[in-house]
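Each chain gets a letter, A, B and so on, in the order its sequence line appears, and its residues count up from 1.
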Amino acid sequence: MIRFTNTLSRQVEEFKPEGDTVTMYVCGVTPYDASHIGHAMSYVVFDNVKRYLMWKGFAVKHVQNFTDIDDRIIERANRLKMTTDELVEKYINMYCDDMRDLNIIPPDVYPYATREVPEMIEIISGLIEKGYAYEAPSHLSEWSDVYYRVSAKKDYGKLSHRTQDSLMAGARVESGEEKETPADFALWKGAKKDEPSWDSPWGKGRPGWHIECSAMSLKYLGERIDIHGGGEDLIFPHHENEIAQTEAYSGAVPFVRYWLHNAWVKMGDEKMSKSLGNFITIRDGLNKVGGDGLRLWVMTSHYRKPLSFSEATLEAAKNGADRLRTAARTPSEPGDGGIDLNTFRERFAAAMDDDLNTPQALAVLFDLAKEINRCRDEGKGVAGAQAFLLEIAGVLGLKLEEGGAAIEAAPFVDLLVQIRTELRAAKQFALSDRIRDGLAGLSITLEDGPQGTTWKQD
RNA sequence: GGCGACGUAGCCAAGUGGUAAGGCAGGGGUCUGCAAAACCCCCAUCACCGGUUCGAAUCCGGUCGUCGCCUCCA
């Protein structure tokens, strides 16, 4: 029985999808800059959700958007003297490269906000008809804005557990806006001079931030979806507003059955974020510790707890991944070594069932790795156990592959290793150590075992 | 001010009533020509105070400290 913490109820609930296929929507990025490892955390977490559901036999349909138009994109593009399309393309490509190297399974659909504008206009029009939204003049544009009328939906605030009164106090009104009340939010923004814009019943303009997710989830997944994921910082206002819009428009309640949110990455005591400038990019992280290392780093902490970043925690994750790789990939004879794999399978599943407890799941992998190593040391065949380790590591998105970049040089390395073996047989240790040290300087590590010498690239 | 989270060994981090998983680092062994890898052993009473209980890291009350959201944010 799989259980998830549902932000809506604040309870751990048994997961039961509504139909045969689990429908899952995850909030994507706004591609105006390189993604940092905080983003990596979120996408690794939801990739694990998806992989685990698939391992348990569920079919999963996963949709993730690109917010390819918003204030930051327009501002950045203007500054760099690029079009918004050029800017967006550059960072989407970078994002996709990052995801590939993190071994993230791509979503079934990757919709772009700018390609779904007619659908959004239809929803906004529907909301106006039903009295949930209103057109208002803008002082920043010759065209109108459209706002969602928060007071029209009684349960507004149910996700973030806030009352409408408390929201009024903190709400902000930009100069130039003509909202009925401060908590109302934009569905449509009238175009300012020289901004990208689309035609609409309210003149030229562009969609507000929240409406795209409503339009895309409705279009690709239907009125009611099983899982909606994202970072904890999206709970308010983004997801709160998304619920309000979507439920008001479709009438299907609840719009989302399980709301899952991951916590943030902290640098020291602070949240990693672009505005604080205290981030490192996914690419930097990948270069330092590789895809497995980064994923394992994310998984050492439960997804709903803040994840501590430091060079030391990242390095520890890399060393842990190396340990698993050695256990899984050191050649061995067929057999399970007498290890009770079913017990490990059950422990792994129990940990993952329990609100995706990856720290405990990892503990199972490390325990299994230790058993494999011990049995192999005793001369037992453990290839079957290794295959199982690779299987459950794969559920966590870990590949545990040997580095392959030196493949072209392999014949030369093999030759040196062979010569060194002969030198060692002749007790020419000074020379043989020179070969080992020299190769170490080229990131090739030699290991002398009972069956001869093996090597690997770091 | 409103809502919420957290404080477990040198570092990271599970565990939410029955006497502390796992990883990294460190120490001691085995193996090795020496290493490396691997294996074995060692390394915490859970911020503090009070309470409930046969029994609490785990429940209740309080104190101190840290952080997040409420504005763009994974």
Side-chain angles (χ1 to χ4, degrees), chain A residues 7 10 26-30 32 35-46 67 70-72 75 157 160-163 165-167 169-172 174 183 209 229-238 240 261-266 268-276 279 296-297 299-302 304-324 326-327 330 347 351 354 357-367 369-370 372-378 424 427-430 432-433 436-437 440 445-450 453-456:
Chain A
T7 306
R10 292 181 174 170
V26 178
C27 280
V29 290
T30 302
Y32 72 101
S35 297
H36 59 66
I37 57 176
H39 301 106
M41 175 188 185
S42 191
Y43 298 114
V44 166
V45 165
F46 291 105
T67 302
D70 94 323
D71 290 342
R72 290 165 296 170
E75 185 189 328
S160 54
H161 302 92
R162 291 156 208 240
T163 62
D165 287 346
S166 72
L167 289 165
R172 169 176 91 160
E174 300 272 5
W209 174 32
E232 190 180 70
D233 42 13
L234 296 178
I235 294 172
F236 190 89
H238 184 53
E240 193 69 72
H261 292 98
N262 63 277
W264 65 98
V265 172
K266 61 177 185 177
D269 283 335
E270 286 182 320
K271 180 184 171 192
M272 173 179 289
S273 76
K274 289 200 174 160
S275 51
L276 290 170
F279 61 92
L296 199 138
W297 168 70
M299 293 188 286
T300 54
S301 164
H302 185 88
R304 299 184 62 252
K305 298 270 188 71
L307 173 60
S308 299
F309 171 83
S310 68
E311 295 292 335
T313 58
L314 212 54
E315 187 65 23
K318 178 188 184 299
N319 291 341
D322 287 344
R323 179 173 167 74
L324 292 177
T326 299
T330 300
R347 284 178 60 201
D354 184 16
N357 193 330
T358 53
Q360 276 195 339
L362 280 177
V364 176
L365 300 209
F366 281 109
D367 286 346
K370 176 166 286 191
I372 287 172
N373 287 331
R374 198 174 59 195
C375 292
R376 199 188 53 234
D377 278 3
E378 290 171 0
R424 289 180 65 220
K427 300 204 186 300
Q428 300 271 13
F429 296 122
S432 71
D433 286 352
R436 184 170 64 194
D437 294 344
T445 303
L446 300 192
E447 296 181 357
D448 301 325
T453 300
T454 58
W455 61 272
K456 65 183 180 187

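Of all heavy-atom pairs between Phe366(A) and Gly320(A), the closest is CE2-O, 3.6 Å. Nearest approach of Pro359(A) to His302(A), heavy atoms of both residues: CG-N, 3.6 Å. For the residue pair His261(A) and Gly231(A), the shortest heavy atom distance occurs at CD2-O, 3.4 Å. What you find for Pro306(A) and Ala263(A) is that their closest heavy atoms are N-CB, 3.7 Å. When every heavy atom of Ser42(A) is checked against every heavy atom of Asn262(A), the shortest pair comes out as OG-OD1, 2.9 Å.
Residue Phe366(A) contributes atom CZ, which lies 13 Å from atom C1' of rA14(B) at whole-angstrom precision. In this structure, Gln360(A) places its CD atom 16 Å from C1' of rC12(B), rounding to the nearest Å. The separation between Lys427(A) atom NZ and rU32(B) atom P is 12 Å, rounded to whole Å. In this structure, CG of Asp322(A) is placed 14 Å from C1' of rA38(B), rounded to the nearest angstrom. Distance Leu296(A) CG to rG22(B) P: 16 Å, rounded to the nearest Å. As a whole-Å value, the separation of Arg347(A) CZ from rA14(B) C1' is 12 Å. When the C1' atom of rG65(B) is taken as reference, atom CD of Glu270(A) falls 16 Å away, rounded to whole Å. Between the CG atom of Leu324(A) and the P atom of rC24(B) there is a distance of 9 Å, given to the nearest Å.
Comparing rG22(B), rG68(B), rA74(B) by their nearest atom to the side chain of Asp367(A) picks out rG22(B). Nearest nucleotide to the side chain of Thr445(A), out of rA74(B), rG33(B), rA36(B): rA36(B). Comparing atom distances between the Phe236(A) side chain and each of rC69(B), rG33(B), rA74(B) picks out rC69(B) as nearest.
Between the base of rC34(B) and the side chain of Asp448(A) there is a donor-acceptor pair shorter than 3.5 Å. Not a single donor-acceptor pair, N or O on each side, falls under 3.5 Å between the base of rG68(B) and the side chain of Asp233(A).
Contact check, Arg323(A) against rA37(B): no side-chain N or O comes under 4.0 Å of OP1 or OP2. The side chain of Ser301(A) places an N or O atom within less than 4.0 Å of a non-bridging phosphate oxygen (OP1 or OP2) of rA14(B). Taking only side-chain nitrogens and oxygens, Asn319(A) never comes nearer than 4.0 Å to OP1 or OP2 of rG23(B). Look at Ser308(A) and you'll find a side-chain N or O under 4.0 angstrom from OP1 or OP2 of rA13(B). Distances shown here put a side-chain N or O of Asn357(A) below 4.0 Å from the OP1 or OP2 atom of rG15(B).
The residue Leu446(A) sits close to a base: some heavy atom pair falls under 4.0 Å. Using a 4.0 Å heavy-atom distance criterion, Asp433(A) is classed as a base contact. Within 4.0 Å (heavy atoms only), Ile235(A) reaches no atom of the nucleic acid at all. Across all strands, His36(A) comes closer than 4.0 Å to base atoms (heavy-atom distances). Ala263(A) comes within contact range of at least one nucleobase, with a heavy-atom separation under 4.0 Å. Contact annotation for Val45(A): no contact, since no heavy-atom pair falls under 4.0 Å across all strands. At a threshold of 4.0 angstrom between heavy atoms, the contacts of Asp269(A) are confined to the sugar-phosphate backbone, with no base atom among them. When heavy atoms are screened at a 4.0 angstrom cut-off, Lys318(A) is found touching no nucleic acid atom at all. Using a 4.0 Å heavy-atom cutoff across all strands shown, Gly38(A) reaches at least one base atom of the nucleic acid. Counting any heavy atom pair closer than 4.0 Å across all strands shown, Lys271(A) reaches a base atom.
For rG15(B) and rA21(B), the P atoms lie 13 Å apart once the distance is rounded to whole Å. With both ends at atom C1', the span from rA5(B) to rA9(B) equals 23 Å, rounded to whole Å. Only the C1' atoms considered, rA56(B) is 14 Å distant from rG50(B), to the nearest whole Å. Comparing the C1' positions of rC31(B) and rC24(B) gives a spacing of 24 Å, expressed to the nearest Å. Across rC6(B) and rC12(B), the matching C1' atoms stand 15 Å from one another, rounded to whole Å. rU58(B) and rG17(B): their C1' atoms are spaced 6 Å apart (whole Å). For rC42(B) and rU16(B), the C1' atoms lie 29 Å apart once the distance is rounded to whole Å. Nucleotides rC54(B) and rC48(B) place their P atoms 25 Å apart, quoted to the nearest Å.
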- Decide yes or no on side-chain contact (heavy atoms from CB on, under 4.5 Å) for Val265(A) and His36(A), but give the supporting numbers first. CA-CA 10 Å; Val265(A) 172; His36(A) 59 66; over 6 Å; no

- Item | Residue pair Leu324(A), Leu296(A): steps toward the side-chain contact (heavy atoms from CB on, under 4.5 Å) verdict | CA-CA 11 Å; Leu324(A) 292 177; Leu296(A) 199 138; 3.9 Å; yes

- Please lay out, stage by stage, how Arg323(A) and Lys370(A) fare under the test side-chain contact (heavy atoms from CB on, under 4.5 Å). CA-CA 9 Å; Arg323(A) 179 173 167 74; Lys370(A) 176 166 286 191; 3.8 Å; yes

- Task: Evaluate the criterion side-chain contact (heavy atoms from CB on, under 4.5 Å) for residue pair Tyr32(A) and Asp70(A); output intermediate values, then yes/no.
- Result: CA-CA 9 Å; Tyr32(A) 72 101; Asp70(A) 94 323; 5.5 Å; no

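In this structure, rC69(B) and rG2(B) make a Watson-Crick or G-U wobble pair, each of the two defining distances being under 3.5 angstrom. Using the Watson-Crick or G-U wobble rule with both distances under 3.5 Å, rA21(B) pairs with nothing in any strand shown. As the counterpart of rG33(B), no nucleotide is assigned, since no Watson-Crick or G-U wobble pattern has both distances under 3.5 Å. For rU63(B), the paired base is rA47(B) (Watson-Crick or G-U wobble, both distances below 3.5 Å). Across every strand in view, rU52(B) sits unpaired, with no contact that passes the Watson-Crick or G-U test at under 3.5 angstrom.
Salt-bridge check for Asp433(A) with Arg436(A): passed, with a basic side-chain N closer than 4.0 Å to an acidic carboxylate O.
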Would you tabulate the nitrogen or oxygen pairs shorter than 3.5 Å linking the protein to nucleotides 1-5 of chain B?
residue	atom	partner	partner atom	Å
rC3(B)	O2'	Arg10(A)	NH2	3.2
rG4(B)	OP1	Arg10(A)	NH1	3.1

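The side-chain heavy atoms of Trp264(A) and Glu232(A), taken from C-beta on, include a pair separated by under 4.5 Å. Side-chain contact check for Thr7(A) versus Ile235(A): some heavy-atom pair is nearer than 4.5 Å.
Mapping Thr30(A) and Leu276(A) onto RNA chain B by nearest heavy atom places Leu276(A) at the nucleotide closer to the 5' end. With RNA chain B read from its 5' end, the first of the two nearest nucleotides for Val29(A) and Arg436(A) is the one closest to Arg436(A).
In this structure, the aromatic ring of Phe429(A) is positioned over the six-membered ring of the base of rG33(B), centres within 5.5 Å and planes within 30°.
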